[in-house]
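Notes to accompany the following structure.
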Amino acid sequence: MRYKELFSVFPGPLQEIVKEWGPDVDTEGLQEIRIRAMRPVLAVCQDGEYRSRTAVTREQLREILACLSDYSLYAHEEELRQGFLSLPGGHRVGLTGRAVLEKGRIRTIAEVSSLNIRLAREVKGCADGLLPYLREDGRLLHTLIVSAPGHGKTTLLRDCIRQLSDGGGAYPGLTVGVVDERSEIAGSFRGIAGNDVGLRTDVLDGCPKAEGLMLLIRSMSPEVVAVDEIGSREDAAALLQAMNCGCVLLATVHGSSMEELKRRPVLGELTELGLFERYVFLERAGFPGRIREILGRDGRTVAGGGTRC
């Protein structure tokens with residue numbers, strides 16, 4: 001589902017509101033559409049923020065959510081419990097409202113009041129400049145991509161997966177296993193990847209990382225495993241197991257510096273263990289994957305200075 005297809009599922013009244021952004025909005029640079037009940041619709045783009053003149057009613061917001069879920073909210077119960085809804089093409093809808101609890105845990109989100117449609121961007125070739133730094137003496141290194149939300153870490157990870165899987169030049173293609181817990185890497189719909197993740201890539205969609213990693217290793221024997229947004233102790237244990245099975249690790253995490261990672265309980269432990277051999281820190285730019293700095297396992301700078309992948 002690309003941008004025009006995404007707009008087409010909006011109810012008629014919202015399509016009219018979206019038109020209020022005017023011709024100045026660059027849809028190719030569109031990153032998020034934020035919809036809040038009784039407030040204007042906001043378009044978050046690379047060059048700034050645009051707002052509609054008209055507010056969205058609660059009825060319109062409910063109709064938008066119904067459209068985006070193909071009028072089958074019950075089929076997305078597990079995703080809703082986690083506060084999001086996956087769309088074909090890797091797009092994702094975050095949502096807030098009234099949390100419905102069951103035995104102290106969130107069972108679902110009811111009376112939805114806000115939607116955040118995050119648009120996935122497939123940028124082939126954005127990892128061209130990064131891959132040479134992820135090898136040493138011909139060996140692929142365990143790598144962690146670090147950035148704040150919206151700086152392109154998932155986009156960069158996706159292109160690394162594609163290029164490693166397809167192979168090229170002096171390097172043959174590798175078998176890659178992807179645990180795509182939130183359907184953002186491969187953009188799978190009904191089990192089929194909507195994004196190009198490479199010829200030799202197997203995707204386990206909608207599965208928790210900790211469980212999915214070992215399932216993939218047992219069933220598909222990948223040479224490389226890739227996951228997005230690690231952070232829990234279960235994630236860390238699964239990554240260590242995968243490494244002990246001989247797999248090269250590719251992962252992303254929210255963060256801004258090595259010092260911050262070291263202060264966080266789980267990531268600090270992984271850093272102390274020397275699990276990752278490359279740390280790739282990104283910065284905000286007009287394109288995804290602008291590298292601020294690449295560090296080695298010992299924390300020393302390998303490359304930096306605004307490198308564009």
Side-chain angles (χ1 to χ4, degrees), residues 1 68-69 75-96 105-109 116-122 142-162 164-165 176-198 201-220 222 224-243 245 247-255 264 266-267 270 275-276:
M1 185 185 289
L68 293 176
S69 65
H76 301 274
E77 184 176 347
E78 179 58 28
E79 289 185 333
L80 291 173
R81 187 180 66 80
Q82 299 181 61
F84 71 93
L85 179 71
S86 296
L87 302 178
H91 308 302
R92 188 171 71 173
V93 184
L95 50 90
T96 60
R105 299 187 62 188
I106 295 175
R107 181 168 64 83
T108 189
I109 302 292
N116 178 22
I117 304 174
R118 296 184 61 184
L119 301 177
R121 301 180 64 195
E122 186 177 20
H142 304 299
T143 299
L144 183 65
I145 301 172
V146 187
S147 84
H151 290 192
K153 61 183 178 298
T154 302
T155 303
L156 188 60
L157 174 66
R158 183 187 302 119
D159 199 52
C160 285
I161 292 167
R162 179 187 66 84
L164 292 171
S165 175
V176 183
V178 177
V179 182
D180 201 0
E181 185 169 2
R182 296 190 173 185
S183 305
E184 288 188 288
I185 301 173
S188 297
F189 185 63
R190 294 177 180 173
I192 304 299
N195 295 320
D196 184 357
V197 288
T201 299
D202 303 300
V203 180
L204 185 59
D205 184 57
C207 180
K209 291 180 281 291
E211 296 178 34
L213 278 170
M214 295 316 298
L215 190 156
L216 264 180
I217 290 170
R218 288 192 299 266
S219 61
M220 306 307 293
V224 180
V225 293
V227 295
D228 201 15
E229 298 183 9
I230 63 172
S232 71
R233 194 163 297 280
E234 291 77 14
D235 293 345
L239 288 171
L240 284 167
Q241 279 188 290
M243 185 185 70
C245 291
C247 297
V248 178
L249 311 177
L250 295 180
T252 72
V253 70
H254 290 310
R264 289 158 66 176
V266 175
L267 293 169
L270 293 180
L275 178 65
F276 292 104

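Numbering starts at 1 and runs along the sequence shown.
- Proximity of Met214 to Cys245: side-chain heavy atoms (C-beta onward) are separated by under 4.5 Å at one or more points.
- The heavy-atom pair separating Ser232 from Val266 by the smallest distance is O-CG1, 3.6 Å.
- Closest non-hydrogen pair, Gly177 versus Pro222, comes out as N-CB, 3.6 Å.
- A side chain to side chain donor-acceptor pair (under 3.5 Å) with Ser165 is found for exactly one of Asp202, Asp196, Thr201, namely Thr201.
- In this structure, Arg218 CZ and Leu213 CG are separated by 10.5 Å, a value rounded to the nearest 0.5 Å.
- The shortest side-chain heavy-atom distance between Leu144 and Ile230 falls under the 4.5 Å cut-off.
- Counting only heavy atoms from C-beta outward, the side chains of Leu156 and Thr252 never approach each other to under 4.5 Å.
- A donor-acceptor distance shorter than 3.5 angstrom exists from the side chain of Arg158 to the backbone of Glu184, with no hydrogens or angles considered.
- Listed by chain and number, the residues in a salt bridge (charged side-chain N to carboxylate O under 4.0 Å, His left out) with Asp159 are Arg162 (sequence neighbours excluded).
- Annotation: the span from Ser219 atom OG to Leu204 atom CG amounts to 7.5 Å, rounded to 0.5 Å.
- More than 12 heavy-atom neighbours from other residues, nucleotides or ligands sit within 6.0 angstrom of CE on Met243.
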Next on the checklist: Under the criterion side chain to side chain contact (heavy atoms under 4.5 Å, CB included), I'd like the reasoning laid out for Leu80 against Ile109: C-alpha separation, chi angles, the key distance, then a yes or no.
Outcome noted: CA-CA 6 Å; Leu80 291 173; Ile109 302 292; 5.5 Å; no

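- With Thr143 contributing its side chain and Leu250 its backbone, the two residues share no donor-acceptor pair below 3.5 Å.
- Residues forming a side chain to side chain donor-acceptor pair (under 3.5 Å) with His254 (at least two apart in sequence, or on another chain): Lys153.
- To the nearest 0.5 Å, atoms CG (Asp228) and CD (Glu181) are separated by 9.5 Å.
- Side-chain contact between Arg81 and Arg105 is present, with at least one heavy-atom pair separated by less than 4.5 Å.
- Using a 4.5 Å heavy-atom cutoff, the side chains of Leu216 and Val225 are not in contact.
- Between Leu85 and Ser69, the closest side-chain pair of non-hydrogen atoms falls below 4.5 Å.
- Across every non-hydrogen atom of Asp180 and Gly187, the tightest pair is OD2-N, 3.8 Å.
- Between the CZ atom in Arg182 and the CD atom in Glu79 there is a gap of 9.5 Å [rounded to 0.5 Å].
- Here the closest non-hydrogen pair linking Leu249 and Ala242 is CD2-CB, 3.8 Å.
- Put simply, the side chain of Ile117 reaches to within 4.5 Å of the side chain of Leu68, judged on heavy atoms.
- Atom CG of Leu215 has more than 12 heavy atoms from other residues, nucleotides or ligands within 6.0 Å.
- Considering all non-hydrogen atoms of both residues, Cys207 and Val179 come closest at O-CG1, 3.5 Å.
- With Asp235 contributing its side chain and Leu239 its backbone, the two residues share no donor-acceptor pair below 3.5 Å.
- The line from CD1 of Ile217 to SG of Cys247 is 4.0 Å long, rounded to the nearest 0.5 Å.
- Put simply, the side chain of His142 reaches to within 4.5 Å of the side chain of Val248, judged on heavy atoms.
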Item to check | Residues Leu267, Val253; criterion side chain to side chain contact (heavy atoms under 4.5 Å, CB included); working and verdict | outcome: CA-CA 9 Å; Leu267 293 169; Val253 70; 3.4 Å; yes

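- We find the CG-CG distance between Leu270 and Leu275 to be 5.5 Å, quoted to the nearest 0.5 Å.
- Using a distance-only test at 3.5 Å, with no hydrogens or angles considered, a donor-acceptor pair links the side chain of Asn195 to the main chain of Ile185.
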